[in-house]
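A quick note: this is a predicted structure, and the numbers were derived from the prediction, not measured. Per chain, numbering begins at 1; letters A, B, ... match sequence-line order.
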2 protein chains.
Amino acid sequence: MAETRWLDDHEQHAWRAYLRMNAVVGAALAKQLQTESMLSMQDFEVLVHLTDVDDARLRVSELARAMRWEKSRLSHHLSRMEKRGLIGREECASDGRGAFIVLTPQGRAAIEAAAPSHVDAVRRFFFDVLTDDDVKALDSLAGRVIARVEATDTCPAE
Amino acid sequence: MAETRWLDDHEQHAWRAYLRMNAVVGAALAKQLQTESMLSMQDFEVLVHLTDVDDARLRVSELARAMRWEKSRLSHHLSRMEKRGLIGREECASDGRGAFIVLTPQGRAAIEAAAPSHVDAVRRFFFDVLTDDDVKALDSLAGRVIARVEATDTCPAE
DNA sequence: CGAACATGGATGACGTGTCAACTATTCCGG
DNA sequence: CCGGAATAGTTGACACGTCATCCATGTTCG
């Protein structure tokens, strides 16, 4: 294998900025959601997916696919959310192995209370300082990066 | 407070792409580092900072400041790394409270082995699909976002 | 039917991050 | 010099993520 091609100064700088942006935006949004709504980002994400379907009830595996989470991660997280009364589990009549996840009234109340201030925070911390061109550029490059990573790990032959 | 201003379609799409890019790039790099070098991203980051200084020794608080990690997080992480022999702790003569963190030979060997393939992965998953303009745009927008978030949480008066 | 196998999902162990509390030193104003 | 603050760092509890494993039910095929 050839000599390593290190990052040049611009790449280095952009890479660090990218990493740091992720860190600070993630932390800021998480803190906002936690302090104002007592929800983690993950809780929020689960609740969003549940409210997105008609009857607010999903099979665990559908939810996992929609969120692109591992089953195990989701199962652990659902247990924590169930303990807090945000969601419930129900048995599935047609498949004895399966379980439905249902949104509880408290879960619905929690996300309805949380969503507006969360969106405000996303604007405040992110979109407020971006131009339309920035948004377009970001969307475009993110799409390419996602495609690249996913292409690589689904067919790891190189 | 006025009606919530939800994200429009472009913003929504870009925001999801951004979040997903973070998730997949982070996961791919973490997995690469873990499987090829038995290091987590955090291990790597700590080791990078240690090798960046002349004598490969730093006070815990300097390291925390440089990495912008909470003391507690760093302390926990250093304990785990110490257990694996990547770093060591030494008492500080001039300040009885303090401790130096030192890079062990194994720690140095680990990062020297890990760095080239990590950089390769960063290129493969990220820079390879970006143009110079993308890199410039990303660096610029990330800088603005970081500034905004940091301005907000250091002076939370609004 | 019944044995192999696949699928849905839960669990346990362990690494990681955060918050709050704690210990031990050092500093600083009397 | 003393007593209270600030500082350096650790610890414990708990939330979260991953991996490997496990169990129960379904499916398939001889």
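Scanning both residues, A:L141 and B:L130, for their nearest heavy atoms gives CB-CD2, 3.7 Å.
By the criterion of a centre-to-centre distance under 5.5 Å and near-parallel planes under 30°, the ring of B:H76 forms a stack with the base of D:dT11.
Here A:Q42 contributes atom CD and A:M67 contributes atom CE; the two are 8.5 Å apart, rounded to the nearest 0.5 Å.
Counting non-hydrogen atoms under 4.0 angstrom, A:S40 reaches the backbone sugars and phosphates but no base.
Remark: B:R73 is in phosphate contact with C:dG17, judged by side-chain N or O atoms under 4.0 Å from OP1 or OP2. A close approach under 4.0 Å does not occur between any side-chain nitrogen or oxygen of B:R97 and OP1 or OP2 of D:dA6. OP1 or OP2 of C:dG9 has at least one side-chain nitrogen or oxygen of A:S61 nearer than 4.0 Å. Between B:K71 and D:dA8 there is a side-chain N or O to OP1 or OP2 distance below 4.0 Å. For the OP1/OP2 pair of D:dC16 and a distance below 4.0 Å, the side-chain nitrogens and oxygens of A:R80 include at least one atom meeting the criterion.
Distances were taken from every side-chain heavy atom of B:S72 (C-beta onward) to each of C:dA20, C:dA10, C:dG8; the shortest belongs to C:dA20.
Between the side chains of B:T131 and B:D134, at least one donor N or O lies within less than 3.5 Å of an accepting N or O.
With DNA chain D read from its 5' end, the first of the two nearest nucleotides for A:Q34 and B:K31 is the one closest to A:Q34.
Linking ILVMFWY side-chain heavy atoms closer than 4.5 Å, directly or via other members, places B:L47 and B:F100 in two distinct hydrophobic clusters.
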